[in-house]
Number of protein chains: 2
Amino acid sequence: MRSRSDVLETAVLGLLNESPLHGYELRKRLNLVLGSFRALSYGTLYPALKGLVARGLIATAESAPPPSARKPKPGIPGRTTKPNPLGRRRVVYELTPEGKEYLQSVLATAGPAAWEDDNFDVRFALFGQTDAETRLRVLEGRRTRLTERLEAFRESTAHPRSRLDEYALELRRFGLEKVEREVHWLDGLISTERGRAAAQNRSPQQEQPKKERG
Amino acid sequence: MRSRSDVLETAVLGLLNESPLHGYELRKRLNLVLGSFRALSYGTLYPALKGLVARGLIATAESAPPPSARKPKPGIPGRTTKPNPLGRRRVVYELTPEGKEYLQSVLATAGPAAWEDDNFDVRFALFGQTDAETRLRVLEGRRTRLTERLEAFRESTAHPRSRLDEYALELRRFGLEKVEREVHWLDGLISTERGRAAAQNRSPQQEQPKKERG
DNA sequence: GTTCGATGTATCGAGTCGATACATCGAGAG
DNA sequence: CTCTCGATGTATCGACTCGATACATCGAAC
């Protein structure tokens with residue numbers, strides 16, 4: 001029943017589904033793609049990888065020396081051939097068939113676990129591996145969640161239990177604006193997705209990704 | 001050397017400086033004012049309060065029955081006067097002189113500890129207790145920090161080490177937009193603060209808080 | 001009258017972070 | 001040529017935080 005850890009698992013699985021990776025590279029991509037500048041630490045990543053291995057969703061494929069290595073380094077007899085027996089140590093992870101299956105089942109579900117704050121970013125980043133209907137339902141779920149929040153927010157502002165000073169109020173206002181902005185962003189995405197679905201229904205052939213105006 | 005905990009300490013001290021509070025109420029206000037809808041848990045709050053007490057920055061002033069109690073409840077002899085010996089148990093915290101002094105010293109510093117992500121919100125919410133010059137320097141520091149981030153961000157987009165798919169890119173774009181939006185927000189605040197400072201220099205009398213346009 | 005929800009204090013297990021340790025490699029400085 | 005430095009790479013530790021939960025009292029509804 002790990003709730004937050006689920007997000008990380010999904011993210012790892014999603015990245016490994018694109019290509020096998022080792023921990024260091026995995027962390028870099030995780031930080032690049034998700035939580036735009038959040039720093040995921042190894043103290044989080046490695047235990048998560050262990051867990052996934054233990055559950056049989058990913059497997060390790062030891063070593064393979066670094067890509068830019070492999071220089072023949074001609075016959076110096078000293079310590080050239082064996083400075084270490086395995087090149088630079090590397091542990092490459094890849095999805096097992098069970099992992100692929102599990103990932104597909106996760107990506108096919110559209111529920112609260114898909115549109116809560118942290119989860120949403122990960123799920124959205126993996127939309128490329130998600131089918132159109134699920135994409136739409138996740139986007140709509142997220143939108144509903146945010147408007148509920150907006151509602152509660154405005155209500156608590158209407159009935160202030162404790163007066164806030166000028167700056168605290170401004171901070172609150174800016175926070176509200178951020179959420180409104182995300183709702184607007186979602187509106188654009190939803191209408192784009194609907195457009196795609198409609199186009200695909202009319203003529204079920206490959207659609208080139210439509211660009212929405214910024 | 002607690003780094004994140006410092007934020008919470010400052011927030012607690014700042015709130016208690018306005019009025020003594022008990023834990024439950026403290027948590028509600030913390031969640032209302034700071035991290036717009038973040039949920040600070042008791043598992044965080046109570047240890048922090050303990051620590052502050054241990055360091056002599058706040059003190060407990062036990063009990064005082066709930067505000068809406070105190071109804072005389074005329075002469076029923078039974079259990080009226082003493083249903084429980086201490087009303088509903090409450091632990092009220094208030095700043096000690098040392099705490100006030102410490103808070104002032106914290107609020108007077110404008111350094112990275114003031115404008116990093118989490119810290120900034122707290123410091124901004126306490127701007128009402130911060131002098132004008134420090135306010136300005138914190139805002140400017142925050143702005144510099146964000147533009148640096150923007151820079152690194154754009155650079156990593158210009159030299160993509162790994163190609164991102166359509167959705168991951170859109171997520172990144174939206175993240176970038178959020179940061180740009182905050183920079184713009186800061187620009188407005190900075191110019192407002194400068195205006196106040198200038199007005200105060202010209203005629204050093206009380207200025208009514210100028211309203212910037214939404 | 002008793003059940004329910006708000007108020008209130010407090011702790012626990014699981015998960016996360018930031019720092020750090022350790023090791024290899026490439027490249028630049030002296 | 002050697003030496004150091006920074007990037008790459010795996011891994012763990014302690015301190016901290018969260019979400020859930022336990023426990024208790026009060027007001028009000030039924």
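All heavy atoms count here, side chains included; hydrogens, waters and symmetry mates do not. A, B, ... follow the sequence lines: proteins, then strands. Residue 1 opens every chain.
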*Give a yes/no answer on whether the side chain of Lys50(A) brings an N or O atom under 4.0 Å of OP1 or OP2 in dT12(D).*
yes
*Among the nucleotides dA10(C), dG8(C), dG18(C), which one has an atom lying closest to any side-chain atom of His22(B)?*
dG8(C)
*From the list dG8(C), dT12(D), dT8(D), which nucleotide is the closest neighbour of the side chain of Lys28(A)?*
dT8(D)
*asked:* Let's see if you can work this out: which of dT10(D), dT9(C), dC18(D) has an atom nearest to the side-chain heavy atoms of Tyr46(B)?
replied: dT9(C)
_Taking the nucleotide of DNA chain C with the nearest heavy atom to each, does Pro47(A) or Tyr93(B) sit closer to the 5' end?_
Tyr93(B)
*Is Arg196(A) salt-bridged to Glu166(B), cutoff N-O under 4.0 Å?*
yes
_Nearest-angstrom distance from the residue atom CG of Asn31(B) to P of dT7(C)_ = 13 Å
*For the residue pair Leu107(A) and Thr134(A), establish whether any side-chain heavy-atom pair is separated by less than 4.5 Å.*
no
*Indicate the ring-plane relationship of Phe124(A) and Trp185(A), choosing parallel, tilted or perpendicular according to the 30° and 60° boundaries.*
tilted
*Measure from the side-chain heavy atoms of Thr44(B) and tell me the nearest of dC18(D), dC17(C), dG8(C).*
dC18(D)
*Nearest-Å distance, CG (Leu30(B)) to P (dT17(D))?*
12 Å
*Atom-to-atom span, CG of Leu45(A) to P of dT12(D) - whole angstrom*: 12 Å
*Gap between atoms CG and P, on Leu26(A) and dT8(D) respectively (whole Å)*: 15 Å
_Gap between atoms CG and C1', on Leu40(A) and dT16(C) respectively (whole Å)_ = 9 Å
*Measure the distance from CD on Glu25(A) to C1' on dA7(D) and round it to the nearest whole Å.*
13 Å
*Indicate yes or no: at least one non-hydrogen side-chain atom of Asp121(A) is less than 4.5 angstrom from one of Phe174(B).*
no
*asked:* How many whole angstroms separate atom OH of Tyr42(B) from atom C1' of dC18(D)?
replied: 14 Å
*Output yes when a side-chain donor or acceptor of Thr10(B) lies under 3.5 Å from a complementary backbone atom of Asp6(B), and no otherwise.*
yes
*asked:* Applying a 4.0 Å non-hydrogen cut-off, can you work out what Gly43(A) is touching in the nucleic acid: base, sugar-phosphate, or nothing?
replied: base
*Does a side-chain N or O from Tyr24(B) land closer than 4.0 Å to OP1 or OP2 of dT7(C), or not?*
yes
*Report the distance from atom CZ of Arg90(B) to atom C1' of dA24(D), rounded to the nearest whole Å.*
15 Å
